[in-house]
Structure formats: C-alpha cells, structure tokens
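In what follows, chains carry the letters A, B, and so on, assigned in the order in which the sequence lines appear, proteins first and then strands, with residues in each chain numbered from 1. In this text the structure is predicted, and so the values were computed from the model without any measurement.
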Protein chains: 2
Amino acid sequence: MARAIFPAPDHDHERCASTAIAHAEAQCAARAQRLTPIRRQVLEALLASHKPLGAYEIIERIAGDTRPAPITIYRALDFLRDNGFVHRIASRNAFVACVHNHADDDLVVFLICERCGAVGEAPGAGVAEALKASSRTAGFSAKSPLIEIAGICSHCRER
Amino acid sequence: MARAIFPAPDHDHERCASTAIAHAEAQCAARAQRLTPIRRQVLEALLASHKPLGAYEIIERIAGDTRPAPITIYRALDFLRDNGFVHRIASRNAFVACVHNHADDDLVVFLICERCGAVGEAPGAGVAEALKASSRTAGFSAKSPLIEIAGICSHCRER
DNA sequence: ATATTTATGTTGCACTGCAACAAGAACCGC
DNA sequence: GCGGTTCTTGTTGCAGTGCAACATAAATAT
C-alpha cells in the first residue's frame, strides 16, 4: 500500500503517462473540450516528471525551436486544472499532474517529499469528515480544501 | 463558538493587537530573540488588518519617510514565521498574523473567506489524527501540514 | 576594547501570474 | 462553401513574489 502512493523511482513512466493522457483525451471528448497540442505538451511534461514543476521549468521542457510565453503555459494550466488533470501545489508555486482520476470535488491530501520532490496523493476521506466538522463549527461554508504536507517519502526514507 | 474563530467586523482591534504584541515580546525575551522595530512594524501591520497581506501591501502600510525594500519585509516575515507569530497563506501568497498562541507544531486549519478576505484559524485536533493516519499509510513521515480552505465566513453569510 | 554574531541596507535578478489586445483556428448555421 | 461566432494562441507589458550576494551597522560576547 505504501508503494501505491509514491511512485517507485524505477516505475514505468511511459505507461502511467500514456494512461493519464488517454484518460484526459476521453474526458475532453466527453465534455466537448479540446486537448490542444500545447495543453497536451504541458500535461505530458508534468506527467514525465512526477514532481511539481514551475512555469519556467515547463517552458524549458516543451521548448523546441520556439519558446512558448509564460502566459501560454498558464492558460494551458488553467485548462488542465479546470478539468482536474493537474493540481497546483500552492506551497511551492508549482504544478503536478494528477494520476488518480478522482471525482471532481474529492478531497486530496498532497504529500510532498522534501528530499526528492515527489508528490503523492493520499486519499482524504477520513480527513474530509473531520475538516467538515471543524469548519462548520466556525460557521464556515467550505469550498475547496487544500491540504499539503511536507515530509520524507517512503523511498527516500529507506536510504 | 462560531464567532470566536472569525473576528467580528466591529471587534476591538486595538486590544487584540496589543495582546498579540505582548505575547510576541514575551516569547522573544524567553528565547533571547530580538523583536526589532522592523519586525514589530510588520507584525503590527498584519495584526491591524486581520487579513492576509502581500509583501507590497505590508510595505505600503509601514512606509513612512523611507520605504523598506521587499527583502527587508521578507526577512522580518521569516523571523516572525520561525517564531510562530505569523503564518503564510500559500494559496494567496500572503501572510497573516497569528492570534492563537498555539504550540509549535499544532495543526491549524486556515479558513479563508472569499468575500471579505478574513482568515480564521480553526483548531485541527480531529483533522490531525485523520491526517496522521492517512500519511502513515503512505509511508510518509510528515512535518508541517498546511491546510487552507476557501469559503464564506459566518459574518459574510449573514448578509 | 575587540571580535563575533546578528540585523539591516543596497543592488540586482529570476520567476510568478495575469491583463489587454491582436491574430489565427475550429465550429455552427445557412 | 461562406460568413459569423466562439475558442485558442501570440504578443506585449507589467505588477508582484522571493531571494542571492555583498556591504554596512548594531548588539553580544570575551
């Protein structure tokens, strides 16, 4: 189980990336949205790293003969986030591809390894309950919970 | 109880600010740390607003005849954060004064009102348990959980 | 009093994030 | 197919974030 959340350093990137792309394509088709070349490239870049990337890092990775402007990246990211293919890691001002196909408003807990930079998504069902209770006490109607935890991941710990 | 978490719009700023300053002074004295004029000014600016402020907003508010450089503000913020007097609201790239004297590694849940911008700190004891369990399952040793929830606060909702 | 630590000033820069407008590409109805 | 609408991308520009690196000043320690 522990291994399921943090991708092993030697796992098959190719396969998990192509699965995610396929999922994105299917979702877009279903919603009549367009996974344009740029959007696809941004998603692929994030999938290929499994770590949070900043806008400039994304530019680096998808730059060929031409360099996309930052705004282009941000627009692609906005699209990908709106459709749940990408998450923003606020504590790092960075973005990471989602590999979990969770439902729209599922609560997700991001576990961020301080050593290798990997990000795991832990299911947050139990946490969600506690959070709901906590915010209700404050007379607060919650919308989008953001949970990010820094620490050391299982793979880095083993060494 | 609901009222305790979000400061009422008409509450006594003066008093709650001076209490927090006094607390910061005491803590600094106890730890042989210096609450210098700049650090104090930054803390006071944040206390006076009860909303998250960005670095430039802080500069605006403490600028007299001279304008402190951004780095000066960031350094003061680093100090205040290290000592637990100020929290960073990552989802907004902003900072807010802490008015709760919680213990060093207490888990705090930030409730951020999308309408008025106020930030409440809800106690997160129950959430902490669930989170610990969740991250342990992932073989993850957690350090500093960050929980931010956007929504509508009790005061704004009443209208 | 001098050395050491600690804090602030100064300069400079890379990165974030987006607004506003222009131009191009895809889709729709006729 | 054609023109109009909508969606997407390109271009320019800018305010804000966040900090590195070095110089200077202030406080503490010896």
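- For A:Glu57 and A:Arg61, the salt-bridge test fails: no basic side-chain N is under 4.0 Å from an acidic carboxylate O.
- Listed nucleotides: D:dT11, C:dT16, C:dT11. Nearest to the side chain of B:Ile71: C:dT11.
- B:Ile62 has its CD1 atom 10 Å from the P atom of C:dG9, to the nearest Å.
- OP1 or OP2 of C:dG17 sits under 4.0 Å from a side-chain N or O of A:Tyr74.
- A distance of 6.0 Å or more separates the ring centres of B:His87 and B:Phe95.
- The side chain of B:Ala55 approaches D:dT17 more closely than any other nucleotide in the set D:dG18, C:dC18, D:dT17.
- Rounded to a whole Å, the CZ atom of A:Arg88 is 13 Å from the P atom of D:dT17.
- When each of B:Pro52, B:Cys153, B:Ser49 is paired with B:Val119, the side chain to side chain contact (heavy atoms under 4.5 Å, CB included) condition holds for B:Pro52 and for no other.
- When each of B:Gln33 and B:Ala69 is assigned the nucleotide of DNA chain C with its nearest heavy atom, B:Gln33 is the one assigned upstream, toward the 5' end.
- Whole-Å rounding puts the A:Ile38 CD1 to D:dT8 P distance at 12 Å.
- Note: CD (A:Gln41) to C1' (D:dT8) measures 14 Å, nearest angstrom.
- Taking only side-chain atoms of B:Arg39, from C-beta outward, the nucleotide of D:dG18, C:dA7, C:dG17 with the closest atom is C:dA7.
- When rounded to the nearest whole Å, the span between CD1 of A:Ile73 and C1' of C:dA14 equals 17 Å.
- Between B:Arg75 and the phosphate of C:dT6, there is no side-chain N or O to OP1/OP2 separation shorter than 4.0 Å.
- Using a distance-only test at 3.5 Å, with no hydrogens or angles considered, a donor-acceptor pair links the side chain of A:Thr19 to the main chain of A:Arg15.
- At D:dT9, one or more side-chain N or O atoms of A:Thr36 fall inside 4.0 Å of OP1 or OP2 (strictly under the cut-off).
- Of the side-chain N and O atoms in B:Thr72, one or more sit less than 4.0 angstrom from OP1 or OP2 of C:dG9.
- Taking atom CD1 of residue A:Ile59 and atom P of nucleotide D:dG10, one finds them 12 Å apart after rounding to whole Å.
- A distance-only check finds a donor-acceptor pair linking the side chain of B:Glu148 to the backbone of B:Ser91 [under 3.5 Å].
- Rounded to an integer number of Å, the gap from B:Arg34 CZ to D:dA25 P is 16 Å.
- Distance, B:Arg67 CZ to D:dA15 P: 13 Å, rounded to whole Å.
- The phosphate of D:dG18 has OP1 or OP2 within less than 4.0 Å of a side-chain N or O from B:Asn93.
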